[in-house]
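Below is one structure; the comments refer to it alone.
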Amino acid sequence: MTGVAAARQVEAVAGIDVGGTTKGFHLVVLQGAAVRCVASSPDARELHQRCLQFKVSVVGIDAPSQWGVEGIGRAAEREMARERISCFATPTLARASASTSGFYEWMFNGARVYEAFADTHPILKAERFTGEPVTFETFPHAIACALLGRDVASAKQKRTQRRRLLEELGLDTTELKSIDSLDAVLCAVAAQRLIQGKSRAYGDGVGGYIFVPTPV
DNA sequence: ATGTCGGTCGCCTATGGAAT
DNA sequence: ATTCCATAGGCGACCGACAT
C-alpha cells in the first residue's frame, strides 16, 4: 500500500443517523477500527463542530441528500429497487411539505445536517471520491445488504444482525447501545469504503447519488 | 407495592415492486 | 387489478429485571 493510501486508511470519518425531532441525531466518529466518539444531539451544528474537532474528512449520512424530482422520482432509489434492495421513496419537497402527519420530519432534519456541513463538507456530486472533504448519502439497510448479502440482510433482525456484522469487521460495539448508534457506525464504515474506492454510486446527477460499499 | 429502564411487538405514516 | 411485502422513524402497549 502506498503512503497516501495508508494515510487515508487512518483518516477519521463519521456516520450520522438522522431521526425526528424527538430522537435527534446520532453521530459516530470512526478511525480505522476504533470508535473515537459517540454522540447524540438535537442540533446539527453541534455535530458539525464535533467533526471539525476530530478532523473528519468524509461523513456518511442516513437521510436523503435531495428531494424527489416531480414525475420521475430518484434514479438511485429505482436502481436499488431493481436489485431488490427496498428503500423508502423520497417524496418531492412539495409533497413532503404538504404532509401533515409529521412522518417526513426526519427527512427535513437530514436536510439541516447537509446544510450545517455545506461550507466545509459539501455533498459529493460526483460518482467517486475526489479527496476533498464531503458529506454523502447512504443508508444502513443497503450497507447491510452489501456486506452480509442481499438475501440475508433483514431489517427485522437489524439489531442483532448489524451488531454482529460490525463485530465481524473488527469493531468494538460495546459503546454502541442503541440501534441508532449502530446505524451511524454503518454509515461511517460506508465512508471508509468510499475513501478506499470500494464503493458504488447508485443514481445520477439529477436525483442525487446514494453510495453503498461494494459487496465483499 | 410502586416506579424506572431497556427491549420487543404491532401498527401508523408513504411508496414501489413482486406476487397472486 | 388487487394484495402483499419491503424499507424509514414514531409511538403506545406490554413484559421482565431491577431499584426504591
Side-chain angles (χ1 to χ4, degrees), chain A residues 15-28 38 40-44 47 60-114 135-167 173-190 200 202-204 206-213 215:
Chain A
I16 296 178
D17 180 81
V18 175
T21 39
T22 337
K23 289 174 85 175
F25 305 103
H26 289 78
L27 167 77
V28 170
V38 180
S40 65
S41 169
D43 188 354
L47 301 186
I61 298 175
D62 173 19
S65 57
Q66 66 179 72
W67 301 101
V69 181
E70 186 64 50
I72 60 173
R74 300 181 72 201
E77 289 164 2
R78 280 198 309 276
E79 273 178 44
M80 291 211 225
R82 267 202 298 277
E83 295 183 17
R84 305 276 193 94
I85 300 171
S86 297
C87 64
F88 248 76
T90 306
T92 62
L93 176 57
R95 200 185 278 267
S97 303
S99 170
T100 54
S101 67
F103 178 69
Y104 293 124
E105 198 51 43
W106 65 279
M107 290 190 186
F108 284 102
N109 272 341
R112 290 184 187 104
V113 176
Y114 290 107
T135 48
F136 70 95
E137 175 180 355
T138 187
F139 80 105
H141 179 64
I143 300 168
C145 285
L147 301 181
L148 284 175
R150 181 186 59 218
D151 300 327
V152 181
S154 159
K156 283 181 180 168
Q157 288 109 44
K158 60 184 174 184
R159 282 176 177 82
T160 52
Q161 214 170 51
R162 289 176 189 177
R163 185 178 294 276
R164 199 180 67 236
L165 166 60
L166 290 166
E167 277 166 5
T173 62
T174 50
E175 290 302 309
L176 313 166
K177 299 194 167 32
S178 68
I179 185 66
D180 303 301
S181 303
L182 287 174
D183 285 351
V185 183
L186 281 175
C187 293
V189 169
R200 173 181 167 188
Y202 287 83
D204 56 26
V206 179
Y209 294 102
I210 299 176
F211 294 88
V212 179

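Below, chain A is the first sequence line, B the second, and so on; all start at residue 1. These numbers come from the heavy atoms of this one structure, side chains and all, not from hydrogens, waters or symmetry mates.
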Open item on the list: Between the side chains of A/E79 and A/R74, is the shortest nitrogen-to-carboxylate-oxygen separation below 4.0 Å, so that they form an ion pair?
Closed with: no
Pick out the pairs of N or O atoms, protein on one side and nucleotides 7-12 of chain B on the other, that lie under 3.5 Å.
{"residue": "B/dT8", "atom": "OP2", "partner": "A/R159", "partner atom": "NE", "Å": "3.3"}

Task: Per A/F88 side chain, nearest of listed nucleotides B/dG17, B/dA19, C/dT7 - done: C/dT7
- [ ] Just grab all the salt bridge (charged side-chain N to carboxylate O under 4.0 Å, His left out) pairs involving residues 180-190 of chain A, residues at least two apart or on different chains.
- [x] A/K23-A/D180, A/R162-A/D183
Task: Between P of B/dT15 and CZ of A/R74, the distance in whole Å - done: 15 Å
Task: Rounded distance (Å) that lies between atom C1' of C/dG9 and atom OH of A/Y104 - done: 12 Å
Task: Closest to side chain of A/S86, choosing from C/dT7, B/dA19, C/dG9 - done: C/dT7
- [ ] Measure the distance from CZ on A/F139 to P on C/dA6 and round it to the nearest whole Å.
- [x] 15 Å
Open item on the list: Tell me every residue that passes ring pair (Phe, Tyr, Trp, His ring centres under 6.0 Å) with A/F136, counting only those two or more places apart in sequence or in another chain.
Closed with: A/F211
Open item on the list: Keeping A/E77 on the side-chain end and A/T90 on the backbone end, is there a donor-acceptor pair under 3.5 Å?
Closed with: yes
Open item on the list: Tell me if the centroids of the rings in A/F108 and A/W67 come within less than 6.0 Å of each other.
Closed with: yes
Open item on the list: Once you apply a heavy-atom cut-off of 4.0 Å, does A/D180 come out as touching a base, just sugar-phosphate, or nothing?
Closed with: nothing
TODO: Please report, rounded to the nearest Å, how far the C1' atom of C/dC11 is from the CD1 atom of A/I179.
DONE: 17 Å
TODO: Rounded off to whole Å, could you give me the CE-to-C1' distance for the A/M80 and B/dG16 pair?
DONE: 14 Å
- [ ] Not counting sequence neighbours, which residues clear salt bridge (charged side-chain N to carboxylate O under 4.0 Å, His left out) with A/D43? List them please.
- [x] A/R45
Open item on the list: For A/R164, give me all partners under salt bridge (charged side-chain N to carboxylate O under 4.0 Å, His left out), at least two apart in sequence or on another chain.
Closed with: A/E168
- [ ] Answer yes or no: is there an ion pair linking A/E83 with A/R78, defined by an N-O contact shorter than 4.0 Å?
- [x] no
- [ ] Please determine, for the side chain of A/A81, which listed nucleotide (C/dA8, C/dA6, B/dG17) has the closest atom?
- [x] B/dG17
TODO: Please determine, for the side chain of A/W106, which listed nucleotide (C/dT7, B/dG16, C/dG9) has the closest atom?
DONE: C/dG9
Open item on the list: When the axes are fitted on five pairs at both termini, how much does the helix from B/dA1-C/dT20 to B/dT20-C/dA1 curve, in 10° steps?
Closed with: 40°
Task: Interatomic distance, A/H141 NE2 vs B/dT15 P [rounded to whole Å] - done: 20 Å
Open item on the list: If we ignore hydrogens and angles and just use 3.5 Å, is the side chain of A/Q66 paired with the main-chain N or O of A/V206 as donor and acceptor?
Closed with: yes
Task: Euclidean distance, atom CZ of residue A/R84 to atom C1' of C/dC4 [Å, nearest integer] - done: 14 Å
TODO: Would you indicate what A/R82 reaches in the nucleic acid, counting non-hydrogen atoms under 4.0 angstrom: base, sugar-phosphate, or nothing?
DONE: nothing
Task: Length of the line joining A/H26:NE2 and C/dG9:P, which is rounded to integer Å - done: 11 Å
